[in-house]
2 protein chains.
Amino acid sequence: MIDVKTLCLGVLSRDDASGYEIRKEFEDGPLSHFSDAGFGSIYPALKKLLEDGHIIMLPQGGDSRPDKKVYRITPAGRHVLYQALTRQPAQDKLRSDLMFMLFFGHMLPPRHLDRILGDRIDHLQRAVETLERSADRPGNAGEKFVDGLSLATYKAALTYLEEHRHELVGAALMENKVAE
Amino acid sequence: MIDVKTLCLGVLSRDDASGYEIRKEFEDGPLSHFSDAGFGSIYPALKKLLEDGHIIMLPQGGDSRPDKKVYRITPAGRHVLYQALTRQPAQDKLRSDLMFMLFFGHMLPPRHLDRILGDRIDHLQRAVETLERSADRPGNAGEKFVDGLSLATYKAALTYLEEHRHELVGAALMENKVAE
DNA sequence: AGGTACATGTAAGCTGTTACATGATTTT
DNA sequence: AAAATCATGTAACAGCTTACATGTACCT
């Protein structure tokens with residue numbers, strides 16, 4: 001499975017960035033749909049990449065914050081990234097608390113169930129809007145492909161949740177009635 | 001994020017099982033679509049659950065293997081599981097090597113790109129077939145809901161990959177030509 | 001004056017993975 | 001007879017998360 005170092009190289013292969021900016025990419029950017037990393041893993045990763053010569057630190061322009069450190073990928077770094085990209089990909093790994101909860105949905109308090117379903121629907125709606133807005137912006141083929149794939153799956157999940165939400169909440173209400 | 005102990009309680013809330021059988025659930029069963037755990041995390045988790053009184057070990061029937069240990073959830077265990085199920089769910093976490101690779105798809109060797117896309121299409125087709133076969137089998141409301149959600153997203157991903165596969169591979173071929 | 005966003009980094013701890021170690025039973 | 005499946009467990013390691021520690025700059 002691709003580690004945080006490689007994730008950082010991926011971000012830096014597109015543009016120079018600081019640790020802070022890399023983290024924003026994982027939070028909001030196009031990579032956020034299938035990867036994640038916090039400060040606690042990014043900063044040590046950058047330190048290691050710097051030691052290994054996979055990235056260099058740019059001398060900061062006098063106008064920017066003195067503590068800001070902007071990194072750039074090196075040819076060696078690009079090579080390492082390329083090696084990682086041409087390996088056999090590991091299986092996707094989805095960890096979903098929500099789906100685990102829904103799996104036991106019929107035994108949950110209907111109010112809780114309805115809330116977590118509603119929250120997820122809201123979240124998916126926002127994600128779909130964001131991706132649809134970015135669809136006509138320029139971008140390379142890979143980025144557009146991945147955005148399209150994310151959009152397609154989010155839309156499918158959204159439609160399913162909207163269409164079947166009441167069925168599951170109904171089942172939970174039934175269970176509650178029986179228990180009374 | 002729900003841990004392996006809770007995952008095990010979830011499996012055991014449905015039926016008594018051994019560590020080996022719990023692992024099969026994560027590999028093939030309906031929970032496999034959104035959770036995962038190997039022996040190295042299941043056995044220590046069961047040990048801890050036993051110590052805490054959340055599960056008990058059943059005296060094994062004389063006909064079964066002498067080394068097989070079958071566990072059953074206790075009322076205390078059910079309570080712990082219920083607590084976990086009624087908390088606010090953490091954000092879903094998807095880690096996907098494939099999507100990371102596809103994101104840089106245009107700079108990949110077309111053969112590699114075509115292979116990883118084909119492998120994923122095959123994998124999704126098998127997953128869809130399995131879920132469709134299990135659709136008419138009995139199951140409680142939560143299980144059916146989650147199966148339906150998984151099926152809807154897999155189908156959407158499959159359709160997208162089949163329809164757009166050639167676009168990305170085409171872009172990669174172009175890049176290669178330019179490089180020549 | 002206060003809140004938010006920018007900005008970096010360390011240390012401890014938790015969790016989970018991988019490799020190792022062992023062996024019985026069933027199927028081919 | 002070999003291979004696959006069943007079956008459990010430990011130890012070392014890798015990796016990531018959380019909490020801590022610190023401070024600047026901008027916006028209202």
Side-chain angles (χ1 to χ4, degrees), chain A residues 1-9 11-12 16-29 32 34-52 55 57-71 84 90-95 97 100, chain B residues 1-9 11-12 16-29 31-32 34-52 55 57-58 60-71 84 90-95 97 100:
Chain A
M1 182 69 59
I2 282 171
D3 61 19
V4 176
K5 285 206 301 277
T6 310
L7 256 24
C8 289
L9 285 179
V11 173
L12 291 172
D16 300 336
S18 65
Y20 193 87
E21 288 160 350
I22 290 170
R23 200 231 165 184
K24 268 198 305 190
E25 283 292 307
F26 292 133
E27 197 165 72
D28 305 321
S32 65
F34 49 89
S35 54
D36 189 32
F39 289 130
S41 42
I42 290 171
Y43 288 124
L46 290 172
K47 194 180 174 182
K48 189 78 198 324
L49 288 169
L50 197 59
E51 281 170 18
D52 295 346
I55 61 175
M57 202 193 298
L58 296 181
Q60 72 272 39
D63 55 321
S64 69
R65 291 158 180 273
D67 48 356
K68 186 170 176 177
K69 293 177 179 177
V70 176
Y71 298 95
Q91 273 296 311
D92 281 12
K93 214 169 269 186
L94 172 65
R95 285 295 293 269
D97 280 10
F100 186 75
Chain B
M1 182 69 61
I2 283 171
D3 60 19
V4 176
K5 286 207 300 278
T6 311
L7 255 25
C8 289
L9 285 178
V11 173
L12 292 172
D16 300 336
S18 66
Y20 192 86
E21 287 161 349
I22 290 171
R23 202 233 163 185
K24 268 198 305 189
E25 282 291 308
F26 293 132
E27 197 166 70
D28 305 321
L31 288 142
S32 66
F34 49 89
S35 54
D36 190 32
F39 290 129
S41 43
I42 290 170
Y43 288 124
L46 289 172
K47 193 180 174 183
K48 188 77 197 323
L49 288 169
L50 198 59
E51 280 169 18
D52 296 346
I55 60 174
M57 200 193 299
L58 297 181
Q60 73 272 39
D63 56 321
S64 70
R65 290 157 180 272
D67 49 356
K68 186 171 176 177
K69 293 176 179 177
V70 177
Y71 299 94
Q91 272 297 309
D92 281 11
K93 213 170 271 187
L94 172 65
R95 284 296 293 268
D97 280 9
F100 185 75

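Below, chain A is the first sequence line, B the second, and so on; all start at residue 1. Basis for what follows: all heavy atoms, side chains included, without hydrogens, waters or symmetry-related copies.
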Under 4.0 Å between a side-chain N/O of A:K47 and OP1 or OP2 of C:dT10, yes or no?
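Affirmative; the distance criterion is met.
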Take the protein atom [atom1] of [X] and the nucleotide atom [atom2] of [N], then report the distance between them rounded to whole Å.
X: B:M1; N: C:dG13; atom1: CE; atom2: C1'; answer: 18 Å
X: A:L46; N: C:dA7; atom1: CG; atom2: C1'; answer: 13 Å
X: B:L7; N: C:dT15; atom1: CG; atom2: C1'; answer: 13 Å
X: A:D67; N: D:dG23; atom1: CG; atom2: P; answer: 12 Å
X: B:L50; N: D:dT8; atom1: CG; atom2: P; answer: 13 Å
X: A:Y43; N: D:dC16; atom1: OH; atom2: P; answer: 17 Å

Between the first and last five pairs of the helix from C:dA1-D:dT28 to C:dT28-D:dA1, the angle of the axes, rounded to 10 degrees
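Answer for the end axes of this duplex: 50°.
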Can you list, by residue number, the residues of residues 19-27 of chain B that have a non-hydrogen atom closer than 4.0 angstrom to DNA chain D?
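Listed by number, they are B:G19, B:Y20.
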Is any side-chain heavy atom of B:L46 less than 4.5 Å from a side-chain heavy atom of B:L12?
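Yes, at least one pair of side-chain atoms sits under 4.5 Å.
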What residues, two or more places apart in sequence or in another chain, satisfy side-chain contact (heavy atoms from CB on, under 4.5 Å) together with B:M57?
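Scan of B:M57 (side-chain contact (heavy atoms from CB on, under 4.5 Å), adjacent residues dropped) gives B:L50, B:K69, B:Y71.
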Residues in side-chain hydrogen bond (donor to acceptor under 3.5 Å, both in side chains) contact with A:E21, at least two apart in sequence or another chain
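Checked A:E21 against side-chain hydrogen bond (donor to acceptor under 3.5 Å, both in side chains); matches are A:S18, A:K68.
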Who are the side-chain hydrogen bond (donor to acceptor under 3.5 Å, both in side chains) partners of A:D92, not counting sequence neighbours?
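Partners of A:D92 by the side-chain hydrogen bond (donor to acceptor under 3.5 Å, both in side chains) criterion, ordered by chain and then number, come out as B:S96, B:R120.
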Mind checking what makes salt bridge (Lys or Arg N to Asp or Glu O under 4.0 Å) contact with A:D16, not counting sequence neighbours?
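In terms of salt bridge (Lys or Arg N to Asp or Glu O under 4.0 Å), with neighbours along the sequence ignored, A:D16 is linked to A:R72.
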So, using salt bridge (Lys or Arg N to Asp or Glu O under 4.0 Å) as the criterion, who are the partners of B:R23 when residues are at least two apart?
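B:R23 satisfies salt bridge (Lys or Arg N to Asp or Glu O under 4.0 Å) with B:E27 only.
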Approximate separation, where rounding is to 0.5 Å, of B:T6 OG1 and B:L49 CG
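Here the interatomic distance stands at 8.0 Å.
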Using the test ring pair (Phe, Tyr, Trp, His ring centres under 6.0 Å), find all partners of A:F26 that sit at least two apart in sequence or belong to another chain.
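In terms of ring pair (Phe, Tyr, Trp, His ring centres under 6.0 Å), with neighbours along the sequence ignored, A:F26 is linked to no residue.
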In terms of the angle between their ring planes, are A:Y20 and A:F39 parallel, tilted or perpendicular, with boundaries placed at 30° and 60°?
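The arrangement is parallel - the two ring planes meet at less than 30°.
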side-chain contact (heavy atoms from CB on, under 4.5 Å) assessment of A:R95 paired with B:L7
CA-CA 11 Å; A:R95 285 295 293 269; B:L7 255 25; 4.0 Å; yes
Pairwise N/O distances under 3.5 Å, protein to nucleotides 16-19 of chain C:
unit_1 : atom_1 : unit_2 : atom_2 : d
C:dT17 : OP2    : B:S41  : OG     : 3.4

Sequence neighbours excluded - side-chain hydrogen bond (donor to acceptor under 3.5 Å, both in side chains) pairs with any residue from residues 40-51 of chain A
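The answer is A:K48-A:D52.
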